Amino acid sequence: MIQTIRIGHLLRETVATPYRHLVTRPTGAAIRGRIQAVLAASECLTALLDFSGIELLDFSCADEVVAKLLLAAEDRDGRFLVLCGLREDQHEAIEHVLTHHHLAVTALRDEDDGTPRLLGWVTADAHAAFGCLCERGALSAGELAAALDWPSARAEAALEALAGHRLVQTDGERCCPLPLA
Amino acid sequence: MTRVIEVPATFDDRSFESFAAAFGEWPPEEKVLVDARGAQWASPYGLLGILTAGQALAEARRERPLLTAPTSEDVRRYWARIGFFRYAEELFEVHGKIPRAPTGPSDVLLDVTPIRGTDDVHAVVEKISESAARILHGELGLEMKATMRFSMALSESCQNIVEHAGTSGWVAVQAYTFRRRLGRRVAVIAVSDAGIGFRRSLESTQAKRFGERWGDGAALEAALIQNVSRFRDPGRGQGLAAIKRFLDQWQGKISIRSGTARLAIVPAWDEDVPLSEHLPFFPGAQVQILIPAQADETR
(Lines give C-alpha, C1' and ligand atoms only; values in the text may rest on other atoms or scores of the structure.)
Protein backbone atom coordinates (compact mmCIF):
# COMPACT_ATOMS: atom_id res chain seq x y z
CA MET A 1 0.00 0.00 0.00
CA ILE A 2 1.23 3.49 -0.87
CA GLN A 3 0.41 6.55 1.17
CA THR A 4 0.84 10.00 -0.33
CA ILE A 5 1.84 12.72 2.14
CA ARG A 6 1.39 16.20 0.72
CA ILE A 7 4.14 18.37 2.18
CA GLY A 8 2.37 21.57 1.11
CA HIS A 9 -0.66 20.59 3.22
CA LEU A 10 1.53 19.79 6.20
CA LEU A 11 3.28 23.16 5.85
CA ARG A 12 0.00 25.04 5.84
CA GLU A 13 -1.17 23.09 8.88
CA THR A 14 2.12 23.57 10.72
CA VAL A 15 2.76 27.31 10.34
CA ALA A 16 0.17 29.94 11.13
CA THR A 17 0.73 32.02 7.98
CA PRO A 18 0.03 30.51 4.54
CA TYR A 19 3.67 30.21 3.43
CA ARG A 20 4.55 28.37 0.25
CA HIS A 21 8.23 28.19 1.08
CA LEU A 22 9.79 25.42 3.10
CA VAL A 23 12.60 27.28 4.83
CA THR A 24 14.38 27.33 8.22
CA ARG A 25 15.37 24.43 10.43
CA PRO A 26 12.58 24.80 13.00
CA THR A 27 9.99 24.62 10.22
CA GLY A 28 11.73 21.62 8.69
CA ALA A 29 11.90 19.86 12.05
CA ALA A 30 8.18 20.51 12.61
CA ILE A 31 7.31 19.11 9.17
CA ARG A 32 9.48 16.04 9.81
CA GLY A 33 7.63 15.49 13.08
CA ARG A 34 4.30 15.64 11.24
CA ILE A 35 5.51 13.17 8.61
CA GLN A 36 6.70 10.78 11.33
CA ALA A 37 3.33 11.06 13.06
CA VAL A 38 1.51 10.22 9.82
CA LEU A 39 3.81 7.26 9.22
CA ALA A 40 3.36 5.99 12.78
CA ALA A 41 -0.39 5.88 12.25
CA SER A 42 -0.17 4.27 8.82
CA GLU A 43 0.21 0.70 7.66
CA CYS A 44 1.57 1.65 4.25
CA LEU A 45 4.69 -0.03 2.85
CA THR A 46 5.71 2.97 0.76
CA ALA A 47 5.25 6.62 1.65
CA LEU A 48 5.21 9.07 -1.26
CA LEU A 49 6.27 12.53 -0.08
CA ASP A 50 4.71 14.99 -2.52
CA PHE A 51 6.50 18.36 -2.71
CA SER A 52 4.34 19.78 -5.51
CA GLY A 53 2.74 22.41 -3.25
CA ILE A 54 6.11 23.82 -2.22
CA GLU A 55 7.84 26.76 -3.89
CA LEU A 56 11.27 27.19 -2.30
CA LEU A 57 13.03 24.43 -0.38
CA ASP A 58 16.22 25.65 1.24
CA PHE A 59 19.16 23.50 2.29
CA SER A 60 18.40 23.70 5.99
CA CYS A 61 14.89 22.43 5.43
CA ALA A 62 16.02 19.78 2.96
CA ASP A 63 18.38 18.54 5.68
CA GLU A 64 15.74 18.65 8.42
CA VAL A 65 12.94 17.07 6.41
CA VAL A 66 14.54 14.56 4.06
CA ALA A 67 18.02 13.76 5.40
CA LYS A 68 16.93 13.42 9.02
CA LEU A 69 13.89 11.38 8.04
CA LEU A 70 16.20 8.94 6.27
CA LEU A 71 18.66 8.97 9.18
CA ALA A 72 15.84 8.09 11.57
CA ALA A 73 15.48 4.80 9.73
CA GLU A 74 14.29 2.97 12.83
CA ASP A 75 11.24 5.27 13.01
CA ARG A 76 10.22 4.21 9.53
CA ASP A 77 9.36 0.74 10.68
CA GLY A 78 10.66 -0.86 7.50
CA ARG A 79 8.83 1.52 5.17
CA PHE A 80 10.17 2.86 1.91
CA LEU A 81 10.24 6.58 1.16
CA VAL A 82 9.85 8.07 -2.30
CA LEU A 83 9.85 11.76 -3.20
CA CYS A 84 7.76 13.30 -5.95
CA GLY A 85 6.66 16.69 -7.25
CA LEU A 86 10.18 18.15 -6.98
CA ARG A 87 11.33 21.04 -9.14
CA GLU A 88 14.94 21.19 -10.35
CA ASP A 89 16.16 23.53 -7.61
CA GLN A 90 14.49 21.40 -4.92
CA HIS A 91 15.98 18.29 -6.51
CA GLU A 92 19.43 19.87 -6.25
CA ALA A 93 18.97 20.98 -2.63
CA ILE A 94 18.00 17.46 -1.59
CA GLU A 95 20.76 15.91 -3.69
CA HIS A 96 23.27 18.19 -1.95
CA VAL A 97 22.24 17.37 1.61
CA LEU A 98 21.86 13.64 0.99
CA THR A 99 25.29 13.45 -0.65
CA HIS A 100 26.73 15.21 2.40
CA HIS A 101 25.29 12.47 4.65
CA HIS A 102 26.01 9.59 2.20
CA LEU A 103 22.26 8.93 1.99
CA ALA A 104 20.03 8.27 -1.00
CA VAL A 105 16.33 8.22 -1.81
CA THR A 106 14.17 7.40 -4.79
CA ALA A 107 12.52 10.33 -6.55
CA LEU A 108 9.92 10.55 -9.27
CA ARG A 109 10.12 13.52 -11.59
CA ASP A 110 7.34 14.48 -13.98
CA GLU A 111 9.80 15.26 -16.77
CA ASP A 112 11.22 11.72 -16.56
CA ASP A 113 7.83 10.16 -17.42
CA GLY A 114 7.53 8.61 -14.00
CA THR A 115 10.85 6.75 -14.19
CA PRO A 116 12.37 6.59 -10.70
CA ARG A 117 15.68 8.37 -10.17
CA LEU A 118 18.18 8.22 -7.37
CA LEU A 119 18.84 11.33 -5.36
CA GLY A 120 21.89 11.51 -3.14
CA TRP A 121 24.91 9.30 -2.77
CA VAL A 122 25.32 5.67 -3.84
CA THR A 123 28.27 3.91 -5.45
CA ALA A 124 28.55 4.02 -9.24
CA ASP A 125 27.79 0.29 -9.35
CA ALA A 126 24.66 0.73 -7.22
CA HIS A 127 23.56 3.50 -9.56
CA ALA A 128 24.02 1.28 -12.61
CA ALA A 129 22.21 -1.60 -10.88
CA PHE A 130 19.29 0.69 -9.98
CA GLY A 131 18.95 1.76 -13.62
CA CYS A 132 19.00 -1.85 -14.75
CA LEU A 133 16.31 -2.85 -12.21
CA CYS A 134 14.07 0.05 -13.27
CA GLU A 135 14.43 -0.99 -16.90
CA ARG A 136 14.06 -4.74 -16.49
CA GLY A 137 12.14 -5.24 -13.26
CA ALA A 138 13.03 -7.77 -10.54
CA LEU A 139 16.48 -9.33 -10.91
CA SER A 140 18.64 -11.70 -8.91
CA ALA A 141 22.34 -10.98 -8.49
CA GLY A 142 23.10 -13.56 -11.16
CA GLU A 143 20.64 -12.00 -13.61
CA LEU A 144 22.00 -8.52 -12.90
CA ALA A 145 25.57 -9.77 -13.39
CA ALA A 146 24.59 -11.27 -16.74
CA ALA A 147 22.74 -8.10 -17.82
CA LEU A 148 25.65 -5.79 -16.97
CA ASP A 149 28.42 -8.24 -17.80
CA TRP A 150 29.74 -8.10 -14.23
CA PRO A 151 31.17 -10.78 -11.96
CA SER A 152 28.39 -12.03 -9.67
CA ALA A 153 30.14 -10.70 -6.51
CA ARG A 154 30.02 -7.19 -7.99
CA ALA A 155 26.31 -7.50 -8.74
CA GLU A 156 25.65 -8.86 -5.25
CA ALA A 157 27.49 -5.93 -3.66
CA ALA A 158 25.54 -3.43 -5.78
CA LEU A 159 22.18 -4.96 -4.82
CA GLU A 160 23.19 -5.09 -1.17
CA ALA A 161 24.06 -1.40 -1.30
CA LEU A 162 20.67 -0.56 -2.83
CA ALA A 163 18.84 -2.68 -0.26
CA GLY A 164 20.88 -1.07 2.52
CA HIS A 165 19.70 2.37 1.40
CA ARG A 166 16.14 0.99 1.15
CA LEU A 167 16.00 1.90 -2.53
CA VAL A 168 14.81 -1.54 -3.68
CA GLN A 169 12.60 -4.23 -2.25
CA THR A 170 13.92 -7.75 -1.78
CA ASP A 171 11.78 -10.71 -2.73
CA GLY A 172 13.64 -13.92 -1.98
CA GLU A 173 16.78 -13.89 -4.10
CA ARG A 174 15.54 -11.10 -6.29
CA CYS A 175 15.53 -7.35 -5.87
CA CYS A 176 12.85 -5.23 -7.47
CA PRO A 177 12.10 -1.53 -7.82
CA LEU A 178 9.79 -0.04 -5.19
CA PRO A 179 6.09 -0.47 -5.89
CA LEU A 180 4.88 2.98 -6.94
CA ALA A 181 1.44 2.35 -8.35
CA MET B 1 32.96 64.69 24.47
CA THR B 2 31.40 63.36 21.29
CA ARG B 3 33.09 60.94 18.92
CA VAL B 4 32.27 61.86 15.33
CA ILE B 5 32.04 58.94 12.91
CA GLU B 6 32.07 60.18 9.36
CA VAL B 7 30.11 58.15 6.83
CA PRO B 8 32.25 57.88 3.68
CA ALA B 9 30.95 59.74 0.62
CA THR B 10 30.71 56.39 -1.16
CA PHE B 11 29.86 53.91 1.55
CA ASP B 12 30.33 50.28 0.53
CA ASP B 13 32.15 47.18 1.76
CA ARG B 14 35.55 48.73 0.95
CA SER B 15 35.06 52.12 2.56
CA PHE B 16 33.41 50.34 5.51
CA GLU B 17 36.86 49.99 7.11
CA SER B 18 37.29 53.74 7.60
CA PHE B 19 33.80 53.82 9.17
CA ALA B 20 34.69 50.95 11.53
CA ALA B 21 38.07 52.47 12.41
CA ALA B 22 36.46 55.73 13.51
CA PHE B 23 34.78 54.01 16.48
CA GLY B 24 38.13 53.17 18.10
CA GLU B 25 37.82 50.78 21.04
CA TRP B 26 34.43 49.02 21.27
CA PRO B 27 32.19 50.14 22.70
CA PRO B 28 33.33 53.78 22.57
CA GLU B 29 33.06 55.61 25.87
CA GLU B 30 32.02 58.92 24.33
CA LYS B 31 28.66 59.80 22.87
CA VAL B 32 28.71 58.91 19.16
CA LEU B 33 27.65 61.12 16.28
CA VAL B 34 27.38 59.35 12.94
CA ASP B 35 27.79 62.12 10.41
CA ALA B 36 26.25 61.17 7.06
CA ARG B 37 25.93 64.71 5.72
CA GLY B 38 28.57 64.15 3.06
CA ALA B 39 27.23 60.76 1.93
CA GLN B 40 26.64 60.61 -1.81
CA TRP B 41 25.89 56.92 -2.16
CA ALA B 42 25.61 53.95 0.18
CA SER B 43 25.26 50.26 -0.60
CA PRO B 44 22.89 48.12 1.50
CA TYR B 45 26.03 46.81 3.25
CA GLY B 46 26.95 50.34 4.32
CA LEU B 47 23.45 51.21 5.51
CA LEU B 48 23.17 48.03 7.54
CA GLY B 49 26.58 48.85 9.03
CA ILE B 50 25.17 52.11 10.42
CA LEU B 51 22.16 50.31 11.90
CA THR B 52 24.39 47.59 13.35
CA ALA B 53 26.57 50.21 15.03
CA GLY B 54 23.45 51.79 16.53
CA GLN B 55 22.18 48.41 17.70
CA ALA B 56 25.55 47.46 19.23
CA LEU B 57 25.73 50.79 21.10
CA ALA B 58 22.20 50.26 22.43
CA GLU B 59 23.02 46.70 23.52
CA ALA B 60 26.19 47.99 25.22
CA ARG B 61 23.92 50.47 27.07
CA ARG B 62 25.78 53.46 25.68
CA GLU B 63 24.15 56.85 25.33
CA ARG B 64 21.74 57.08 22.41
CA PRO B 65 23.90 58.07 19.40
CA LEU B 66 23.19 60.92 17.00
CA LEU B 67 22.85 60.59 13.25
CA THR B 68 22.89 63.51 10.84
CA ALA B 69 21.06 62.71 7.61
CA PRO B 70 22.72 63.23 4.21
CA THR B 71 22.64 66.77 2.87
CA SER B 72 21.72 65.55 -0.60
CA GLU B 73 17.96 65.28 -1.01
CA ASP B 74 18.36 62.48 -3.56
CA VAL B 75 20.45 60.47 -1.13
CA ARG B 76 17.98 61.07 1.71
CA ARG B 77 15.13 60.02 -0.55
CA TYR B 78 16.90 56.79 -1.49
CA TRP B 79 17.72 55.99 2.13
CA ALA B 80 14.06 56.60 2.96
CA ARG B 81 12.93 54.39 0.07
CA ILE B 82 14.99 51.42 1.25
CA GLY B 83 13.50 51.84 4.74
CA PHE B 84 16.72 52.89 6.47
CA PHE B 85 15.30 55.83 8.44
CA ARG B 86 12.39 53.76 9.77
CA TYR B 87 14.85 51.74 11.87
CA ALA B 88 17.54 54.42 12.25
CA GLU B 89 15.02 56.53 14.17
CA GLU B 90 14.63 53.69 16.68
CA LEU B 91 18.39 53.57 17.32
CA PHE B 92 19.63 57.12 16.73
CA GLU B 93 18.55 60.63 17.44
CA VAL B 94 18.28 61.62 13.79
CA HIS B 95 18.94 65.20 12.73
CA GLY B 96 17.98 66.55 9.32
CA LYS B 97 14.88 66.50 7.20
CA ILE B 98 13.66 62.96 6.63
CA PRO B 99 11.51 62.57 3.53
CA ARG B 100 8.54 60.25 3.42
CA ALA B 101 9.47 56.99 1.74
CA PRO B 102 8.69 57.32 -1.98
CA THR B 103 6.55 54.63 -3.55
CA GLY B 104 6.59 53.12 -7.04
CA PRO B 105 9.04 50.93 -8.96
CA SER B 106 12.60 50.85 -7.67
CA ASP B 107 15.76 48.77 -7.67
CA VAL B 108 15.13 47.76 -4.07
CA LEU B 109 14.31 44.06 -3.97
CA LEU B 110 13.95 44.00 -0.22
CA ASP B 111 13.77 46.98 2.11
CA VAL B 112 15.90 47.06 5.22
CA THR B 113 14.25 44.33 7.29
CA PRO B 114 15.00 43.25 10.84
CA ILE B 115 15.68 39.55 11.39
CA ARG B 116 14.69 38.56 14.91
CA GLY B 117 13.46 35.00 14.45
CA THR B 118 12.50 32.32 11.96
CA ASP B 119 9.18 34.01 11.16
CA ASP B 120 11.15 36.94 9.79
CA VAL B 121 13.12 34.59 7.53
CA HIS B 122 9.85 33.18 6.18
CA ALA B 123 8.52 36.68 5.58
CA VAL B 124 11.71 37.80 3.82
CA VAL B 125 11.69 34.80 1.47
CA GLU B 126 7.99 35.31 0.76
CA LYS B 127 8.54 38.99 0.00
CA ILE B 128 11.64 38.59 -2.18
CA SER B 129 9.99 35.96 -4.37
CA GLU B 130 7.71 38.65 -5.79
CA SER B 131 10.50 40.84 -7.14
CA ALA B 132 13.46 38.47 -7.52
CA ALA B 133 12.31 36.97 -10.82
CA ARG B 134 11.66 40.42 -12.31
CA ILE B 135 15.11 41.73 -11.47
CA LEU B 136 17.32 38.63 -11.62
CA HIS B 137 15.80 37.13 -14.74
CA GLY B 138 14.43 40.25 -16.38
CA GLU B 139 17.28 42.67 -15.72
CA LEU B 140 20.34 40.58 -14.91
CA GLY B 141 19.73 37.86 -17.47
CA LEU B 142 20.03 35.00 -15.01
CA GLU B 143 18.13 31.79 -15.71
CA MET B 144 14.87 31.40 -13.81
CA LYS B 145 16.39 28.63 -11.68
CA ALA B 146 18.94 31.16 -10.39
CA THR B 147 16.06 33.11 -8.86
CA MET B 148 15.24 30.22 -6.54
CA ARG B 149 18.87 29.74 -5.61
CA PHE B 150 19.19 33.43 -4.88
CA SER B 151 16.24 33.11 -2.48
CA MET B 152 17.89 30.06 -0.92
CA ALA B 153 21.09 32.05 -0.38
CA LEU B 154 19.02 34.81 1.22
CA SER B 155 17.23 32.33 3.47
CA GLU B 156 20.42 30.62 4.63
CA SER B 157 22.18 33.95 5.28
CA CYS B 158 19.30 35.23 7.39
CA GLN B 159 19.10 31.96 9.33
CA ASN B 160 22.74 32.41 10.34
CA ILE B 161 21.66 35.46 12.34
CA VAL B 162 18.88 33.56 14.10
CA GLU B 163 21.06 30.54 14.87
CA HIS B 164 24.46 32.04 15.60
CA ALA B 165 24.39 35.76 16.37
CA GLY B 166 22.74 35.64 19.75
CA THR B 167 20.86 38.82 18.89
CA SER B 168 18.84 40.22 16.02
CA GLY B 169 20.15 41.59 12.73
CA TRP B 170 19.21 43.16 9.44
CA VAL B 171 18.91 42.26 5.78
CA ALA B 172 18.46 44.33 2.61
CA VAL B 173 18.59 43.39 -1.06
CA GLN B 174 19.09 45.75 -3.96
CA ALA B 175 20.08 45.79 -7.62
CA TYR B 176 22.40 48.49 -8.91
CA THR B 177 25.06 49.12 -11.51
CA PHE B 178 28.49 48.16 -10.24
CA ARG B 179 30.46 50.55 -12.40
CA ARG B 180 33.81 50.73 -10.63
CA ARG B 181 34.75 47.09 -10.47
CA LEU B 182 32.50 45.35 -12.98
CA GLY B 183 30.62 47.74 -15.24
CA ARG B 184 27.49 45.59 -14.97
CA ARG B 185 24.28 45.40 -12.99
CA VAL B 186 24.43 43.35 -9.82
CA ALA B 187 21.98 42.06 -7.23
CA VAL B 188 23.33 42.38 -3.72
CA ILE B 189 22.22 40.73 -0.49
CA ALA B 190 23.54 42.45 2.62
CA VAL B 191 23.10 40.85 6.03
CA SER B 192 24.46 42.28 9.26
CA ASP B 193 24.10 41.63 12.96
CA ALA B 194 25.56 43.02 16.16
CA GLY B 195 25.96 39.60 17.74
CA ILE B 196 28.81 37.51 19.06
CA GLY B 197 30.60 37.08 15.72
CA PHE B 198 32.09 33.97 14.13
CA ARG B 199 35.05 33.64 16.50
CA ARG B 200 32.96 33.42 19.66
CA SER B 201 30.34 31.28 17.94
CA LEU B 202 32.91 28.66 16.93
CA GLU B 203 35.40 29.02 19.78
CA SER B 204 34.24 26.09 21.92
CA THR B 205 34.50 23.57 19.08
CA GLN B 206 37.30 24.98 16.88
CA ALA B 207 39.80 27.01 18.91
CA LYS B 208 41.81 23.99 20.04
CA ARG B 209 42.06 22.66 16.48
CA PHE B 210 43.53 25.93 15.20
CA GLY B 211 45.80 26.47 18.20
CA GLU B 212 47.77 29.73 18.06
CA ARG B 213 46.23 30.59 14.70
CA TRP B 214 42.79 30.90 16.30
CA GLY B 215 41.19 34.29 15.80
CA ASP B 216 38.59 36.08 13.70
CA GLY B 217 40.30 35.12 10.43
CA ALA B 218 40.62 31.44 11.37
CA ALA B 219 36.97 31.37 12.48
CA LEU B 220 35.85 32.78 9.12
CA GLU B 221 38.04 30.23 7.35
CA ALA B 222 36.49 27.40 9.37
CA ALA B 223 32.96 28.55 8.55
CA LEU B 224 33.29 29.64 4.93
CA ILE B 225 36.04 27.36 3.60
CA GLN B 226 35.68 24.27 5.79
CA ASN B 227 31.89 24.53 6.29
CA VAL B 228 32.24 24.04 10.03
CA SER B 229 29.36 24.81 12.37
CA ARG B 230 29.24 25.19 16.14
CA PHE B 231 26.49 22.55 16.25
CA ARG B 232 27.49 18.91 16.52
CA ASP B 233 24.68 17.96 14.14
CA PRO B 234 26.51 16.62 11.03
CA GLY B 235 23.95 18.26 8.73
CA ARG B 236 25.01 21.73 9.81
CA GLY B 237 27.34 24.01 7.88
CA GLN B 238 25.81 23.19 4.51
CA GLY B 239 24.13 26.56 4.01
CA LEU B 240 27.34 28.47 3.31
CA ALA B 241 28.64 25.55 1.23
CA ALA B 242 25.53 25.70 -0.94
CA ILE B 243 25.78 29.48 -1.28
CA LYS B 244 29.37 29.11 -2.48
CA ARG B 245 28.33 26.57 -5.13
CA PHE B 246 25.59 28.87 -6.35
CA LEU B 247 27.97 31.83 -6.49
CA ASP B 248 30.61 29.81 -8.32
CA GLN B 249 28.06 28.92 -10.99
CA TRP B 250 27.02 32.55 -11.53
CA GLN B 251 30.41 34.26 -11.01
CA GLY B 252 29.12 35.73 -7.78
CA LYS B 253 31.01 36.89 -4.74
CA ILE B 254 30.57 36.45 -1.01
CA SER B 255 32.45 38.31 1.67
CA ILE B 256 32.05 37.95 5.41
CA ARG B 257 33.44 40.40 7.93
CA SER B 258 33.47 39.51 11.60
CA GLY B 259 35.37 41.15 14.42
CA THR B 260 38.75 42.15 12.99
CA ALA B 261 38.82 39.97 9.85
CA ARG B 262 37.17 39.73 6.48
CA LEU B 263 37.15 36.71 4.18
CA ALA B 264 35.94 36.72 0.58
CA ILE B 265 35.48 34.16 -2.16
CA VAL B 266 36.74 36.31 -5.01
CA PRO B 267 35.52 35.70 -8.57
CA ALA B 268 37.78 36.29 -11.58
CA TRP B 269 36.29 39.72 -12.34
CA ASP B 270 37.22 41.16 -8.94
CA GLU B 271 40.58 42.05 -7.41
CA ASP B 272 39.58 41.90 -3.76
CA VAL B 273 41.91 40.39 -1.17
CA PRO B 274 40.62 36.94 -0.04
CA LEU B 275 41.58 37.36 3.63
CA SER B 276 42.10 40.61 5.49
CA GLU B 277 43.10 40.43 9.15
CA HIS B 278 43.92 42.98 11.86
CA LEU B 279 41.12 45.26 10.67
CA PRO B 280 39.47 47.69 13.07
CA PHE B 281 37.07 45.80 15.34
CA PHE B 282 33.39 45.98 14.44
CA PRO B 283 30.68 44.07 16.31
CA GLY B 284 28.88 40.97 15.00
CA ALA B 285 29.10 39.77 11.41
CA GLN B 286 28.50 41.43 8.07
CA VAL B 287 27.82 39.37 4.97
CA GLN B 288 27.60 40.55 1.38
CA ILE B 289 26.52 38.32 -1.50
CA LEU B 290 26.78 39.76 -4.97
CA ILE B 291 25.41 38.25 -8.19
CA PRO B 292 26.42 40.02 -11.42
CA ALA B 293 24.34 40.32 -14.56
CA GLN B 294 25.42 37.64 -16.95
CA ALA B 295 27.79 38.87 -19.67
CA ASP B 296 26.23 38.93 -23.16
CA GLU B 297 28.19 35.88 -24.30
CA THR B 298 26.72 33.76 -21.50
CA ARG B 299 23.13 34.96 -21.91
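Reminder, nothing fancy here: chain letters follow the sequence lines and each chain counts from 1. Predicted model, so just to flag it, every value in this text is computed and none were measured.
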Short question: side chain of [X], backbone of [Y] - any donor-acceptor pair under 3.5 Å?
| X | Y | answer |
| --- | --- | --- |
| A:Glu95 | A:Gly120 | yes |
| A:Gln90 | A:Glu55 | yes |
| B:Asp270 | B:Pro267 | no |
| B:Asp248 | B:Lys244 | no |

* **Sorted by number, residues from residues 147-154 of chain A in contact with chain B (heavy atoms, under 4.5 Å)** => none

* Asked: Quick one: do B:Lys145 and A:Glu92 make a salt bridge, cutoff under 4.0 Å?
  -> no

* Below 4.5 Å from any heavy atom of chain B, which atoms of A:Leu22 appear? Answer side chain, backbone, both or neither. => neither

* Structure fact -> Okay, A:His21 and chain B: the region with an atom under 4.5 Å from a heavy atom over there is both

* Asked: Of B:Asp111, B:Val173, B:Leu154, which meets side-chain contact (heavy atoms from CB on, under 4.5 Å) against B:Lys127?
  -> B:Asp111

* Criterion side chain to side chain donor-acceptor pair (under 3.5 Å) against A:Asp63, the qualifying member of A:Arg32, A:Arg25, A:His96 -> A:Arg25

* Asked: Taking it one step at a time, do B:Glu143 and B:Gln294 satisfy side-chain contact (heavy atoms from CB on, under 4.5 Å)?
  -> CA-CA 9 Å; B:Glu143 291 175 41; B:Gln294 298 306 286; over 6 Å; no

* Asked: By a 4.5 Å heavy-atom criterion (distance strictly below it), what part of B:Gln159 contacts chain A: side chain, backbone, both, or neither?
  -> side chain

* Name the member of B:His122, B:Glu163, B:Met148 that forms the most heavy-atom pairs with chain A at distances under 4.5 Å. => B:His122

